[in-house]
2 protein chains.
Amino acid sequence: MSSQAPRTPPGPRPRFSQDELLDEALTILAIDGPDGLSLRRLASRVGVTARALYCYFDSKDALEAALVERVMPVPPPLDPDRSWHEQLRTYVMRIHDAFVDQPGAARLFAARSARSTAMDHVREYLLTLLVQAGLSHPDAIAALGTLSRYLMGCVVIEAERRANPDPDINRIAVLPSAEFPVLGSFADEYAARNSEESTRYGLDLIVSALRHVAGEATYPDSPIKRGRRS
Amino acid sequence: MSSQAPRTPPGPRPRFSQDELLDEALTILAIDGPDGLSLRRLASRVGVTARALYCYFDSKDALEAALVERVMPVPPPLDPDRSWHEQLRTYVMRIHDAFVDQPGAARLFAARSARSTAMDHVREYLLTLLVQAGLSHPDAIAALGTLSRYLMGCVVIEAERRANPDPDINRIAVLPSAEFPVLGSFADEYAARNSEESTRYGLDLIVSALRHVAGEATYPDSPIKRGRRS
DNA sequence: ACCTGAACACCGTTCAAGT
DNA sequence: ACCTGAACACCGTTCAAGT
């Protein structure tokens, strides 16, 4: 095990790639959650001083930005054999899964996706599909916003749920039924809800509405053309 | 100004109510943002040691939980003269506005609404409206989840946008058009998008779809009964 | 260019002690 | 019950110095 002939130069001068450090950071996130990621802990895990990390990243902020770029799935090429809404659904779920499987990363997604260039590629892909669906420019932009917001909510809520599992077995079942008659009577259904299915339910809901906006089917009272009711 | 006859007992023994401390905490959030709220800063603002705050709240976590309870709007009474979807839209927007106007509070909303009893009241109110709309139990639960996730995403994204205004005048306009042909051509529309309108667009989209699920209008290919497509 | 070590200005939380 | 003061175990970041 302790052979001679070191492949790396000897002495206290290990070198890392940014990617190795990001891997280690993701490991910390997976083990200790979003609050567990600190430069000092990352440094000690790779056997270096906290100061040394500033040779690789300008700041903790820059490291977090790089983490988001790394976790965000790259959009697949457009597939002419699949409908726009099927491709859209698949890709949105892929992003969802990526950030939900990387537990501590959801907070980073929430904090920095607006300025992320990986997220720009996501926007480009989704917009392309929405335009392909036949949506007008304003509709496509608004629909992109709707999908982004819904996706963000799914990721944030599910990540929080995993990081902080039910304090009681079932909070809802224990609520006073006088104050919460409906919620209380739904306690079992509420506890049984499955995250993956719930996420898909809302996504399907939004996509269906968008298909009607796109004119793919009749949609008697679309909210789109009606304007805001006051 | 410096009169005698103090109304509070003299000496270094000021007392606060929890509410006064929460007010002060909200002020700090408004001034310094979510990262600016610390027990030490709150303590110094009210002229006390950080340790003293532990006489009012068990921990910073407990203080944050109390902040969420305080910011969350209380559901209004049911109004038989207004449709379920109008009441639902109005209330969801009220929550949205409450957390977006209280800038640093969005992160707290994201982190703790799952365990918030104020949020339980929100759930009870929304579920009541959804049941009143005629949704089945599973549909009502799923719809509640969809609305919660969408609302969460709206609050998180908008709060982040306010806390961290566009780094450039318009990030999107400056993207390489070879890589971002669609997004680039939408740069103006993208920059002009208005948060309030965008939020309402998606909410109307979801509500419209729910109205069809509820059987209020024909909805040829509802995602609900179809099951998951694979 | 990469790294150490010490320091600075912060955190939340706890202990021991005062009134 | 409420509060102080000191301490503990952390943070991100920076300075000065080494190779």
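Chain letters run A, B, ... following the sequence lines, proteins first, then strands; residues in each count from 1. Quick note: numbers below take in every heavy atom, side chains included, and nothing from hydrogens, waters or symmetry partners.
For R193(A) and E189(A), the salt-bridge test fails: no basic side-chain N is under 4.0 Å from an acidic carboxylate O.
Per the geometry, CD belonging to Q18(A) stands 14 Å off C1' belonging to dA1(C), to the nearest Å. Note: CZ (R15(A)) to P (dC3(C)) measures 7 Å, nearest angstrom. For F16(A) and dA1(C), the CZ to P distance is 18 Å, given to the nearest whole Å. Note: CG (L42(B)) to P (dC11(C)) measures 11 Å, nearest angstrom.
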Using a 3.5 Å cut-off and no angle test, enumerate the donor-acceptor pairs between side-chain atoms of residues 64-76 of chain A and protein atoms at least two apart in sequence or in another chain.
| residue | atom | partner | partner atom | Å |
| --- | --- | --- | --- | --- |
| E69(A) | OE1 | T117(A) | OG1 | 3.0 |
| E69(A) | OE1 | A118(A) | N | 2.9 |
| E69(A) | OE2 | S116(A) | OG | 2.8 |
| E69(A) | OE2 | T117(A) | N | 3.4 |
| R70(A) | NH1 | D23(A) | OD1 | 2.8 |
| R70(A) | NH2 | D19(A) | OD2 | 3.2 |

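Screening residues 93-106 of chain A for side-chain hydrogen bond (donor to acceptor under 3.5 Å, both in side chains), with sequence neighbours left out, gives H96(A)-T199(A).
For V182(A), the side-chain contact (heavy atoms from CB on, under 4.5 Å) partners two or more places apart in sequence, or in a different chain, are F186(A), E124(B), L127(B), T128(B), V131(B). In this structure, the side-chain contact (heavy atoms from CB on, under 4.5 Å) partners of D35(A), at least two apart in sequence or on a different chain, are R107(A). Every residue two or more places apart in sequence or in another chain that forms a side-chain contact (heavy atoms from CB on, under 4.5 Å) with D79(A) is listed here: D81(A), R82(A), Q87(A). Listed by chain and number, the residues in a ring-ring contact (aromatic ring centres under 6.0 Å, His included) with Y190(B) amount to none (sequence neighbours excluded). Annotation: side-chain contact (heavy atoms from CB on, under 4.5 Å) contacts of Y54(B) (sequence neighbours excluded): L39(B), R51(B).
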Item checked: Per-nucleotide pairing state of DNA chain D [Watson-Crick or G-U, under 3.5 Å; [ ] pseudoknot-crossing; | other strand] -> ||.|||||...|||||.||

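The side chain of A52(A) lies closest to dC3(C) when the candidates are dC2(D), dC3(C), dT4(D).
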With the criterion being N/O to N/O and under 3.5 Å, what pairs connect the protein with nucleotides 12-15 of chain D, and how long is each?
| residue | atom | partner | partner atom | Å |
| --- | --- | --- | --- | --- |
| dG12(D) | OP1 | L39(A) | N | 3.2 |
| dG12(D) | OP1 | K60(A) | NZ | 3.2 |
| dG12(D) | OP2 | L39(A) | N | 3.1 |
| dG12(D) | N7 | R40(A) | NH1 | 2.4 |
| dG12(D) | O6 | R40(A) | NH1 | 3.0 |
| dT13(D) | OP2 | Y54(A) | OH | 2.6 |
| dT13(D) | OP2 | K60(A) | N | 2.9 |
| dT13(D) | O5' | Y54(A) | OH | 2.9 |
| dC15(D) | N4 | R51(A) | NE | 3.0 |

